[in-house]
Amino acid sequence: MNFKIYNTLTKEKELFQPLDDQSIKMYVCGPTVYSYAHIGNARPAVIFDTLYRLLKNIYPEVIYVRNITDVDDKINEAAKKLNKPISYITEKYTDIYHEDMRSLSVLSPNHEPRVTDNIAQIISMIQRILDNKKAYINDNHILFDITSFDQYGKLSNRDMDEMLSGARVEVAEYKKTPGDFVLWKPSNDDEPGWDSPWGFGRPGWHIECSSMVETYLGKEIDIHGGGQDLIFPHHENEIAQSCSAHNSKRYAKYWMHNGYLNMEGEKMSKSLGNIITVKELLEKYDGEVIRLALLSTHYRKPINFGESLLEQSKNILNKLYKNLNNQSYEDVVSKDVINPLLDDLNTPLAISSLLKIKCSKTLIKSANLLGLLNRTQEEWLSSNNKSTMSENDIELLIQERDRARKSKDFAKADEIRDQLDQNNVILEDIDGKTIWRVKK
RNA sequence: GGCUGAGUGGCAGAGUGGUUAUGCUGCGGUCUGCAAAACCGUUUACGCCGGUUCAAUUCCGACCUCAGCCUCCA
């Protein structure tokens, strides 16, 4: 099995050679639960879910960990605004995230750790980094000393000195080097916090992932994934922390990053007001349509999300479900689908292959690998049944139209068809019989 | 300013040193009372300029445009 992955660390497409081919270990940065997940959050979830499905198809065991970040200043703000406890916010949005992911056919990872359940492990890791003299204490903050880590900047291909000359942000006074980052910071009484050897406080942003990888997967893992925006500083810092705590050279063997998502050609941002949540999209489109839309661009490229992409995806899915009507016995994944996936997860090419598969069972099995065609043809056709008319009324009108057609009163027959059309019902005359379906 | 990525036909989107991607849409046709569905056909594609080559959209170099990152946004 030749599985190739583009590795951000080496900037090359490499042959995937697992640390242990009996058990693959992958970690993906999960959501910060302070608001509804938007479509940009859904992209990595769907992409790495597809990777997870592919790996499970190849290897005997895959351990997939995706965390939930439930300690964050944005959460604190959201809680303060509503005058509710922080747990109210994190629990609410964790539940919504899970619902959204289910709708997009995203499988649950094997572990989904929360920061609040792993504080002891985080403290232990920070202590080890301090013991190894890779961090220092200043003004009640524990800061990682980036000058102590010679690989710093390798993942993001950055030279710290060059970056600093162009820096546009004020540097906190307690930092020795402007690039140093917080491992632990003090909390006020109204902020979430835990007792630690360094006083009441909370972990910095990056340490949680390092700690959870260590706890649930070990010191070194095969694949670490996330959005491109996390390359710097988040992933760069994770490498520095983990290697410094472990006295090791390597943390993740392969780094995979998905491209950005734009809305109708524009960056999705609060200021432009074009952020669209998964929940909003699900009101208008089936989760499978959204999933297909997200997979229709290669994961490393920017995706231009919008109405036309969704409509196109809907058409493709209709076509695929329509193709599920022959009886067949071949029950294997199509080579034309799995081979593109094995080549750095080329989902667009795999999808185009799906459209050529004639054998239903092969089609289902192949599409399932992408998390698609999860329902039967009947279930699909009857979903999104948005006609305002009852089935009985529709049947009666069809009978009336039949009578009109038999008596060659085509004007009346067409009038009835138009009437049904306005109620989203489309008629098809096949072999002397009239069948109807709801517009999708 | 530094870094990273992208630029393919009406749209979406693969791929390739010389031969059809694929899908959607549009147009034409077969079929139909008319439609729908199905099937068939179909329109100049590869940002710009050089270079390498018998041949470049594909390799190399410069340039242009767009997007993003540069301390907590997937």
Side-chain angles (χ1 to χ4, degrees), chain A residues 8 11 28-32 34 37-48 69 72-74 146 153 156-172 175 178-182 185 204-206 225-234 236-237 257-262 265-270 275 292-293 296-298 300-306 308-320 322 336 340 343 346-356 404-406 408-411 413-414 417-418 421 426-430 434-437 439:
Chain A
T8 311
K11 284 137 195 94
V28 172
C29 294
T32 300
Y34 71 102
H38 59 67
I39 186 65
N41 297 312
R43 169 125 113 136
V46 167
I47 285 165
F48 290 108
T69 298
D72 186 280
D73 287 352
K74 286 193 291 290
I146 61 165
S156 55
N157 201 19
R158 278 158 211 259
D159 182 299
M160 274 298 124
D161 294 336
E162 278 178 5
M163 272 184 53
L164 296 176
S165 59
R168 292 170 180 170
V169 181
E170 267 183 62
V171 180
K175 293 186 180 181
D180 291 349
F181 55 92
V182 171
K185 57 185 165 188
W205 175 37
H206 315 290
Q228 264 172 13
D229 54 327
L230 292 178
I231 296 174
F232 189 88
H234 186 55
E236 196 72 73
N237 291 354
H257 293 96
N258 62 273
Y260 296 95
L261 181 143
N262 294 318
E266 280 184 314
K267 186 200 175 180
M268 191 166 62
S269 75
K270 269 182 195 158
I275 288 183
L292 180 62
S296 66
T297 300
H298 183 89
R300 282 194 281 121
K301 283 199 174 185
I303 186 170
N304 190 13
F305 208 81
S308 64
L309 176 62
L310 287 160
E311 288 299 326
Q312 194 172 303
S313 303
K314 192 163 76 176
N315 285 334
I316 290 171
L317 216 44
N318 276 334
K319 194 155 188 170
L320 288 175
K322 208 170 261 176
D336 292 336
D343 183 14
N346 190 340
T347 52
L349 192 57
I351 290 166
S352 74
S353 297
L354 287 179
L355 287 152
K356 292 183 201 155
R405 290 175 73 206
K406 277 186 185 129
K408 307 271 185 209
D409 185 357
F410 295 121
D414 289 349
R417 189 173 59 208
D418 287 347
D421 186 76
I426 294 171
L427 298 184
E428 290 180 23
D429 300 324
I430 296 169
T434 301
I435 63 161
W436 64 274
R437 65 189 165 85
K439 255 189 225 170

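Here is how names work: the chains are called A, B, and so on, in the same order as the sequence lines, proteins then strands, and each is numbered from 1. Everything numeric here is computed off the predicted structure, so don't read it as measured data.
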J.: Could you give the distance separating B:rG7 and B:rC49 at their C1' atoms, to the nearest angstrom?
T.: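 Straight-line distance between the two C1' atoms is 16 Å.
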J.: Write down the distance between NE2 (A:H257) and P (B:rA67), rounded to a whole number of angstrom.
T.: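 In whole Å, B:rA67 P lies 23 Å from A:H257 NE2.
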J.: Please tell me if A:K356 has a side-chain N or O lying less than 4.0 Å from either OP1 or OP2 of B:rA21.
T.: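 Negative; the distance criterion is not met.
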J.: Rounding to an integer number of angstrom, what distance separates B:rG17 and B:rG26 when you compare their P atoms?
T.: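 Result for the P pair: 35 Å, nearest Å.
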J.: Does the side chain of A:N346 get closer than 4.0 angstrom to OP1 or OP2 of B:rG15 through an N or O atom?
T.: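 Affirmative; the distance criterion is met.
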J.: Could you check if a side-chain atom of A:S352 sits within less than 4.5 angstrom of a side-chain atom of A:L349, using non-hydrogen atoms only?
T.: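 Side chain of A:S352 against side chain of A:L349, heavy atoms only: contact under 4.5 Å found.
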J.: How many whole angstroms separate atom CG of A:L310 from atom C1' of B:rC24?
T.: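 So the two atoms are 13 Å apart, to the nearest Å.
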J.: Looking only at atom P, what distance separates B:rA37 and B:rU4, rounded to whole Å?
T.: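 50 Å, rounded to whole Å.
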J.: Expressed as a whole number of Å, how far does the C1' atom of B:rU22 sit from that of B:rG15?
T.: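 About 11 Å, rounded to a whole number of Å.
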J.: Can you find a donor-acceptor pair, distance only, under 3.5 Å between A:Q312 side chain and B:rG23 base?
T.: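 Donor-acceptor pair under 3.5 Å: yes.
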J.: How would you label the contact of A:L261 with the nucleic acid (heavy atoms, under 4.0 Å): base, sugar-phosphate, or nothing?
T.: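 Here A:L261 touches the bases of the nucleic acid.
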J.: On the nucleotide B:rG13, are OP1 or OP2 found under 4.0 Å from the side-chain N or O atoms that A:T297 carries?
T.: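 For B:rG13, OP1 or OP2 has a side-chain N or O of A:T297 closer than 4.0 Å.
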J.: For side-chain contact (heavy atoms from CB on, under 4.5 Å), just list the numbers for A:I303 and A:R43, CA-CA rounded to whole Å, side-chain angles, deciding distance to a tenth of an Å, and then say yes or no.
T.: CA-CA 9 Å; A:I303 186 170; A:R43 169 125 113 136; 3.5 Å; yes
J.: If only atom types and distance count, is the side chain of A:D180 paired as donor or acceptor with the main-chain N or O of A:I146 below 3.5 Å?
T.: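 Side chain of A:D180 to backbone of A:I146: a pair is present.
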J.: For A:H206, report the nucleic acid contact type (base, sugar-phosphate, nothing); a contact means any heavy atom under 4.0 Å.
T.: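 Nothing, no heavy atom under 4.0 Å.
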J.: Check every atom of B:rU71, B:rG33, B:rC72 against the side chain of A:W205 and return the nucleotide holding the closest atom.
T.: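 From the listed options, B:rC72 comes nearest.
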J.: If you measure from the C1' atom in B:rU65 to the same atom in B:rG47, how many Å do you get, rounded?
T.: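 So the two C1' atoms sit 8 Å from each other.
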J.: Of the candidate nucleotides B:rA12, B:rU71, B:rG23, which contains the atom at the shortest distance from the side chain of A:L355?
T.: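 Among B:rA12, B:rU71, B:rG23, the one nearest the side chain of A:L355 is B:rG23.
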J.: Rounded off to whole Å, could you give me the NZ-to-P distance for the A:K185 and B:rU71 pair?
T.: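 Spelled out: NZ on A:K185 to P on B:rU71 is 15 Å.
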J.: If pairs are Watson-Crick or G-U with both distances under 3.5 Å, what is the dot-bracket string of RNA chain B, marking crossing pairs with [ ] and pairs to another strand with |?
T.: (((((((..(((.....[...))).(((((.......)))))....(.(((..]....))).))))))))....
J.: Using atom CD of A:E236 as one end and atom P of B:rU4 as the other, report the distance to the nearest whole Å.
T.: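 Rounded to the whole Å, the gap is 13 Å.
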J.: With rounding to whole Å, what would you report as the distance between B:rG68 and B:rC73 at their C1' atoms?
T.: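 It comes out at 11 Å once rounded to the nearest Å.
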J.: Side chains of A:L292 and A:I351: does their closest heavy-atom pair fall under 4.5 Å?
T.: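 SC-SC contact between A:L292 and A:I351 confirmed.
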J.: If we only count heavy atoms from C-beta on, is the A:T434 to A:R405 side-chain gap below 4.5 Å?
T.: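 The answer is yes, as the side chains (C-beta and beyond) meet within the 4.5 Å cut-off.
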J.: Without decimals, in angstroms, what is the distance between A:L230 CG and B:rU4 P?
T.: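 In whole Å, B:rU4 P lies 18 Å from A:L230 CG.
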J.: Tell me what A:S313 touches on the nucleic acid: a base, only sugar-phosphate, or nothing, going by heavy atoms under 4.0 Å.
T.: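 No contact.
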J.: Provide, to the nearest angstrom, the distance between the NE2 atom belonging to A:H298 and the C1' atom belonging to B:rG13.
T.: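 Roughly 12 Å, once rounded to whole Å.
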J.: Rounded to whole Å, please give me the gap between CG in A:N318 and C1' in B:rG23.
T.: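 Rounding to the nearest Å, CG of A:N318 and C1' of B:rG23 are 13 Å apart.
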J.: With rounding to whole Å, what would you report as the distance between B:rC63 and B:rG1 at their P atoms?
T.: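 Taking atom P in both B:rC63 and B:rG1, they lie 12 Å apart.
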J.: Is the ring pair A:H206/A:H234 parallel, tilted or perpendicular, if the boundaries are 30 and 60 degrees?
T.: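 The arrangement is tilted - the two ring planes meet at 30° to 60°.
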J.: Can you tell me how far C1' in B:rU8 sits from the matching atom in B:rC40, rounded to whole Å?
T.: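 Per the computed distance, 27 Å lies between those C1' atoms.
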J.: Between B:rA67, B:rC24, B:rU8, which nucleotide has the shortest distance from any of its atoms to the side chain of A:N262?
T.: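 Shortest atom-to-atom distance from the side chain points to B:rA67.
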J.: Report, one pair per line, the protein and nucleotides 34-38 of chain B atoms (nitrogen or oxygen only) whose separation is under 3.5 Å.
T.:
residue, atom, partner, partner atom, Å
B:rC34, O2, A:D414, OD1, 3.4
B:rC34, O2, A:R417, NH2, 2.6
B:rC34, N3, A:R417, NH1, 2.9
B:rC34, N4, A:D429, OD2, 3.3
B:rA35, N6, A:D429, O, 3.4
B:rA35, N1, A:D429, N, 3.2
B:rA35, N1, A:D429, OD2, 3.3
B:rA35, N3, A:R417, NH1, 3.0

J.: Within the structure, does a side-chain N or O atom of A:K301 lie under 4.0 Å from either OP1 or OP2 of B:rA14?
T.: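 Yes.
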